[in-house]
Asker: 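Please see the structure below; I have some questions.
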Amino acid sequence: MNILFQNKYTRTEEWIKECNRYALFRSPLMMVVHVLSALMIGNGLYELLFLRVIGVPAFAAPVLFYTVIILLYFRMNALTKKRNQEIYGGHFEAVTDVTEDGIKQTLSNGAQIFIPYASIKRCAQTQHYILLISDAKIMYALRKGCFTIGLEEDFLMFLQKKGVPVK
């Protein structure tokens, strides 16, 4: 198998935070939930200002939701960091090889994962990472600016040619 693109980087705490931020604040499902929460707050404000009614659920539910999401974000960061330390030790490197058949990711503990293009549901981008999200909701990350073979822009176009929606 001929390697068309290769991405190599060390996963750091920044990686953990950025992936969890995407999962909890920017993924499509969470965006819908955030909009619904904002609409509930808007409705509660409308009731308070114009109907002179205090709708406790309209304010309490979104506040509770955002409190849980923020606490979950910090908990996920700490837990992921602890798991990575236990599994990989202090050095956690990921090497991703992209071929015509699929994507192979090799982790610093020797584990190899093969991802066929058919199982990649979508590709999302954060400030520093390209995230491949599978049908099983597994996030595979490639760091922007760390392509050792090929270019980032060409990789994104290649994914689109393979039928992966890129956002």
Side-chain angles (χ1 to χ4, degrees), residues 1-38 65-66 68-167:
M1 289 192 288
N2 188 26
I3 297 174
L4 304 172
F5 303 95
Q6 186 177 65
N7 186 275
K8 186 184 289 189
Y9 69 98
T10 300
R11 292 183 177 175
T12 62
E13 196 167 340
E14 172 197 86
W15 166 78
I16 295 169
K17 290 178 180 179
E18 204 160 319
C19 289
N20 287 337
R21 239 187 335 267
Y22 174 80
L24 290 173
F25 299 105
R26 292 190 49 219
S27 67
L29 175 62
M30 291 307 290
M31 292 297 287
V32 169
V33 173
H34 291 301
V35 167
L36 291 175
S37 293
F65 167 73
Y66 286 118
V68 169
I69 289 295
I70 290 168
L71 292 174
L72 184 60
Y73 169 74
F74 288 110
R75 176 71 179 134
M76 284 174 62
N77 289 346
L79 188 59
T80 304
K81 184 178 179 182
K82 191 174 182 179
R83 286 176 178 169
N84 287 343
Q85 184 66 31
E86 183 177 309
I87 295 170
Y88 304 104
H91 185 72
F92 183 10
E93 186 175 80
V95 178
T96 305
D97 296 325
V98 179
T99 66
E100 196 64 44
D101 299 327
I103 298 172
K104 182 179 81 171
Q105 197 168 63
T106 306
L107 306 177
S108 56
N109 69 349
Q112 291 187 343
I113 303 159
F114 182 77
I115 311 144
Y117 296 110
S119 70
I120 300 173
K121 186 175 180 178
R122 70 181 184 282
C123 172
Q125 297 184 62
T126 65
Q127 183 178 356
H128 298 105
Y129 294 92
I130 297 169
L131 304 174
L132 305 176
I133 294 102
S134 74
D135 288 329
K137 305 285 189 254
I138 299 172
M139 233 187 302
Y140 302 96
L142 291 85
R143 182 154 173 86
K144 292 180 176 180
C146 290
F147 281 85
T148 56
I149 298 175
L151 300 172
E152 178 182 320
E153 297 80 18
D154 295 338
F155 171 66
L156 295 172
M157 288 188 335
F158 177 77
L159 282 177
Q160 288 178 324
K161 287 179 185 173
K162 288 292 185 179
V164 176
V166 176
K167 295 183 182 187

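Only heavy atoms go into these numbers, but all of them, side chains included; no hydrogens, no water, no symmetry mates. All values derive from a computational prediction rather than experimental measurement.
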Asker: Drop me the distance from L29's CG to H34's NE2, to the nearest 0.5 angstrom.
Answerer: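 Output value for this atom pair is 9.0 Å.
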Asker: Give the intermediate values and the outcome of side chain to side chain contact (heavy atoms under 4.5 Å, CB included) for residues Y73 and R21.
Answerer: CA-CA 7 Å; Y73 169 74; R21 239 187 335 267; 3.2 Å; yes
Asker: Please check this pair: side chain of S37 against backbone of V33, looking for a donor-acceptor N/O pair closer than 3.5 Å.
Answerer: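 Answer holds: yes.
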Asker: Dump the intermediate steps for side chain to side chain contact (heavy atoms under 4.5 Å, CB included) on V166 and M157, then the final yes or no.
Answerer: CA-CA 8 Å; V166 176; M157 288 188 335; over 6 Å; no
Asker: With a 6.0 Å cut-off on ring centres, are F92 and Y9 close enough?
Answerer: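 Not under 6.0 Å, so no.
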Asker: Salt bridge check: are E93 and R11 linked by an N-O gap of less than 4.0 Å?
Answerer: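 No salt bridge links E93 with R11.
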Asker: Can you tell me if CZ on F74 sees more than 12 non-hydrogen neighbours from other groups inside 6.0 Å?
Answerer: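 No.
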Asker: With rounding to the nearest 0.5 angstrom, report the CD to CD1 distance, Q105 to I115.
Answerer: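 Reported to 0.5 Å precision, the distance equals 5.5 Å.
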Asker: Would you say the side chains of Q127 and K144 form a donor-acceptor pair under 3.5 Å?
Answerer: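 Absent: no donor and acceptor within the cut-off.
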Asker: Check the pair I133 / Y22 against side chain to side chain contact (heavy atoms under 4.5 Å, CB included), numbers first and verdict last.
Answerer: CA-CA 11 Å; I133 294 102; Y22 174 80; 4.1 Å; yes
Asker: On the 0 to 90° scale, with breaks at 30° and 60°, tag the F158-F5 ring pair as parallel, tilted or perpendicular.
Answerer: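 The arrangement is tilted - the two ring planes meet at 30° to 60°.
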Asker: Between S119 and P116, is there a donor-acceptor pair closer than 3.5 Å when you use the side chain of the first and the backbone of the second?
Answerer: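 Yes: the side chain of S119 pairs with the backbone of P116.
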Asker: Any salt bridge between E100 and K162, counting N to O under 4.0 Å?
Answerer: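 Judged by the 4.0 Å cut-off on N to carboxylate O distance, E100 and K162 do form a salt bridge.
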Asker: Rounded to the nearest 0.5 Å, what separation is found between the CZ atom of R83 and the CE atom of M76?
Answerer: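 With rounding to 0.5 Å, CZ (R83) is 9.0 Å from CE (M76).
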Asker: Looking only at heavy atoms, what is the nearest atom pair of T148 and K8, with distance?
Answerer: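 That would be CG2-CB, 4.4 Å.
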Asker: Between E14 and Y129, does any side-chain donor sit less than 3.5 Å from a side-chain acceptor?
Answerer: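 Their side chains do contain a donor-acceptor pair, which is all the 3.5 Å distance test asks for.
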Asker: Applying side chain to side chain contact (heavy atoms under 4.5 Å, CB included) to L131 and C123, what does each step give before you reach the verdict?
Answerer: CA-CA 6 Å; L131 304 174; C123 172; over 6 Å; no
Asker: Got N20 and T80 here, is their nearest side-chain heavy-atom distance under 4.5 Å?
Answerer: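 Yes, at least one pair of side-chain atoms sits under 4.5 Å.
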Asker: Decide yes or no for Y140 and T96: does some side-chain heavy atom of the first lie under 4.5 Å from some side-chain heavy atom of the second?
Answerer: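 With C-beta onward as the side chain, the pair stays apart.
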Asker: Taking the side chain as every heavy atom from C-beta outward, state whether K167 and Q125 have any pair of such atoms under 4.5 Å apart.
Answerer: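 With C-beta onward as the side chain, the pair stays apart.
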Asker: If we only count heavy atoms from C-beta on, is the P28 to R122 side-chain gap below 4.5 Å?
Answerer: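 A side-chain contact exists here, since the closest heavy-atom pair is under 4.5 Å.
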Asker: Grab the two heavy atoms, one from L107 and one from I113, that are nearest each other, plus how far apart they are.
Answerer: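 In this case the closest contact between L107 and I113 is CD1-CD1, 4.3 Å.
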Asker: Is a side-chain N or O of N7 found less than 3.5 angstrom from the main chain of R143, in a donor-acceptor match?
Answerer: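 The answer is yes, because a donor-acceptor pair under 3.5 Å joins these two groups.
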Asker: How long is the straight-line distance from NE2 of H128 back to SG of C19, given to the nearest 0.5 Å?
Answerer: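 Here the interatomic distance stands at 12.0 Å.
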Asker: Nearest 0.5 Å please: distance from the CG atom of L159 over to the CG atom of L132.
Answerer: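 Nearest 0.5 Å value for the CG-CG distance: 6.0 Å.
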Asker: If you measure from CD1 on I149 to CZ on F155, what distance do you get to the nearest 0.5 Å?
Answerer: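 With rounding to 0.5 Å, CD1 (I149) is 13.0 Å from CZ (F155).
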Asker: So for atom CE, which belongs to M31, do other residues, nucleotides or ligands contribute more than 12 heavy atoms lying within a distance under 6.0 Å?
Answerer: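 Incorrect, the count does not exceed 12.
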Asker: Can you name the closest pair of heavy atoms from M139 and A23 and give their distance?
Answerer: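 Smallest interatomic distance, heavy atoms only, reads CE-CB, 3.9 Å.
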